[in-house]
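Computed from heavy atoms alone, side chains included, the values below leave out hydrogens, waters and symmetry copies.
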Amino acid sequence: MPTLTLDSLCKSFGSLRAVDGVSLEIRPGECFGLLGPNGAGKSTTIAMIMGVLRPDSGSVTLEGAGDTSAAQARRAIGLAPQALALYDELSAQENLEFFGRLYGVTGAALNKRVDELLRFVDLHDRRRSRVKTYSGGMKRRLNLAAGLVHDPDILLCDEPTVGVDPQSRNAIFDIVESLKAGGKTVLYTTHYMEEAQRLCDRVAIIDHGRILAIDRVDSLIRDHGGQSEVVFTRRGHTEITERTDEPLATIRTIVAHDDIERLHIRRPSLEAVFLNLTGRTLRD
Amino acid sequence: MNPILAMAKKDLTYLVRDRTGFFFVFAFPVIFAVFFGLIFSGMGGESSGIKVVVVDLDNSEGSKAFAEQLRGSESLRVIPFAEDPDNDLSLTERAARAVRNGTVAAYIQLEPGFGESQASMFQGESATITIGADPSRSAESGMLEGIVAEKAYSEMSRMFSDPDLMRDQSRKALESVRANASPAVRMVMVPFLSSLDQFADGLESLESEGDDSGGGGGGFNPVTINHADVLKDSEHEFSAFELSFPQGLVWGLMSAAFTFGLSFVIERTRGTLLRLRIAPVPTGAILAGKSLACFTLLVALSSAMLAFGAVAFDVRPDSVAHLAMAIVAIGCCWVGVMMLIAVSGKTEAAVGGIGWAILMLMAMIGGGMIPRPFMPSWMETVGVISPVRWSLQALEGALWRGYSTTEMLTPCAVLAGIGLLGFLCGARLFDWSAAE
Ligand SMILES: Nc1ncnc2c1ncn2[C@@H]1O[C@H](COP(=O)(O)OP(=O)(O)O)[C@@H](O)[C@H]1O
Ligand SMILES: [Mg+2]
């Protein structure tokens, strides 16, 4: 399975530098998160990966297939765009069949694949209903399935949980996790740090078109998250919060007193990482 | 602010900010008004008038003078039409063909003996004129007959105002009536004709008496107007549906092309265009697929509508093969138009405005709103770019104008050409970027 490499990608719209020197490597089988606020340049980056937007400079290469605007590379990549890209007047099944045929999947193979996908995203019961009758969450799931019809090695999910209720969001997490379990490579963009934290092996933090940091989630937190907080209560006292770089040592000191009633650690989150890197919160 | 006022203000702001909406409310009516004003005032070029050709089979002094009179008429536009030694067809056949082609509304044929009969209008056969009019233009052919009769009568009054000529005429007529007419006619006519010399200003009374006695042997009718059938297949029963079906179909074609053109834009705004683009399919194939669907719809629509016309209103084509040819050419043409509509704007609102405006314009100049012969000639000339014009010509040619295969080739080739050009321009201009 190939590696997808982005090298110094740049794209400006007029005077706005939407993507400003993005370099990263998405490795086989990993779930890679691109985390950044609205307008950070995530969708623009994805458009350049798909070859639908020409970078001003830089390149995107898929190992073994070359440039991603080539047909061979396109077959290896699937996309679930941020904007729902479905035919409202067709049913889920008809949508998937149509997109499958665009990728040259036909006949029994197509039927099998569509059936599989409908079950995978839990739309099999409603497969014959027109998409316009679906809830937001169902449309999101179908949008994901449509990116998978040709069984690509790599799936790009652009904010797949936007406008979705918590239950559907969990369903989408499950889908992404089973893709990961099935060995697929996933690029997952989001502005929800909990999602990145929960789903992604590695995360790139992007703001104003620039990558500020790339690493495993725990490493990012360790390097940029700042201090952990140890919260404890002594018998007969109110809650005390102590900030520390060395939670283990701090806890040892605290529990040396035997009047500790309760104690827990608050580890820093990606939110804190973002705050420390940009001076802003993710949702402003 | 009061909620009613707030609502009103919001909606007006909305209208002003929506450029296409604004265009349709303020600019389009002005264009419309100017367009029809130009047509009805006949300005912007040479005089309007009914287009005709004159076929002079008599070639006498009298017939030449009469043809000259017709040429001088303000209500007619006489298209020059001369002998062509290279052409095997008779003048009449060529004239009929010009009518069938829609080049002219009618031909006016001055029959042999026209000059002679006119010179002796009170006796013998009256001068004969044959009018071969386009059956689709019955209103004009009625008008045309009036104009021709008026010219003939004014020719007569010219004779009456010339004393020598009149004396000569009445004497000839007198001889003829004495010799041939029935006793009853003779009783009225002889005294009348004898006293003609003394008639100083009896023109009006003469004309009315002339009408009354027109049925008699000698008669005062200066002209007899016959009608010729210009359609090849004279069996063909012409009905109003032969006109209304092609016209109606053209509006259907416009709607179909518009709907499909708009569907391209909807693919963009709904994001599915992005999926089409990232699929390993050449963009040409995507355009071809959409075009194939549009072509299928156009052919199905045309076939269904004409089949309905045939069954329900007896609109039978002269030639099914020619009709099939027309339908295929029309399909190609309107696919091209569809592509142009698809690139006429980026949003549904823009295409709904601009694309539809283009179609209206094509309908206007192509004869979809007012028949071509009523247009000033410059507009008819501009109309050659309109697919509406050529679609109507191809359909009518196959349905009832009795076009030969060669005659069908012109509109069909033009339609295919418009289709190809539209497709290539549309494909070239198509913006594949997906709006977000
Ligand atoms: N087609 C475009 N024309 C002009 N500006 C654009 C266009 N697409 C995106 N942008 C701008 O580029 C920036 C990055 O956009 P985008 O990549 O969509 O951000 P994200 O997906 O991270 O929310 C934003 O400021 C956006 O307004
Ligand atoms: Mg985005």
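Within the 4.5 Å cutoff, no side-chain heavy atoms of B/Arg270 are placed close to those of A/Tyr87. The side-chain heavy atoms of A/Pro81 and B/Arg275, taken from C-beta on, include a pair separated by under 4.5 Å. Residues B/Leu276 and A/Phe98 form a side-chain contact, since some pair of their non-hydrogen atoms from C-beta on lies under 4.5 Å apart.
Within the 4.5 angstrom heavy-atom criterion, only backbone atoms of A/Leu84 (N, CA, C, O) approach chain B. Interface remark: A/Ala146 contributes backbone and side-chain atoms alike to the contact with chain B (heavy atom separation under 4.5 Å). Neither the backbone nor the side chain of A/Asn95 comes within contact range of chain B; no heavy atoms are under 4.5 Å apart.
Contact record, A/Arg74 with B/Ala279: NH1-O, 3.4 Å, taken as the closest heavy-atom pair. Closest heavy-atom contact between B/Gly271 and A/Ala85: O-CB, 3.3 Å. When all heavy atoms of B/Arg277 and A/Gly51 are compared, the pair lying nearest together is NH2-O, 3.8 Å.
Along residues 6-20 of chain A, no residue comes nearer than 4.5 angstrom to chain B, judged on non-hydrogen atoms.
Counting heavy atoms of neighbouring residues, nucleotides and ligands inside a 6.0 Å radius, atom CZ of A/Arg210 does not exceed 12 of them. The local environment of CG in B/Leu5 is crowded, with over 12 non-hydrogen atoms from other residues, nucleotides or ligands closer than 6.0 Å.
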Q) Does the side-chain contact (heavy atoms from CB on, under 4.5 Å) test come out yes or no for A/Leu79 and B/Leu274, once each step is laid out? A) CA-CA 10 Å; A/Leu79 172 67; B/Leu274 177 65; 4.0 Å; yes
(message) Please evaluate residues A/Tyr103 and B/Ile278 with respect to the criterion side-chain contact (heavy atoms from CB on, under 4.5 Å), reporting the C-alpha separation (whole Å), side-chain torsions for both, the decisive distance (0.1 Å), and the verdict.
(response) CA-CA 10 Å; A/Tyr103 283 87; B/Ile278 61 177; 4.0 Å; yes
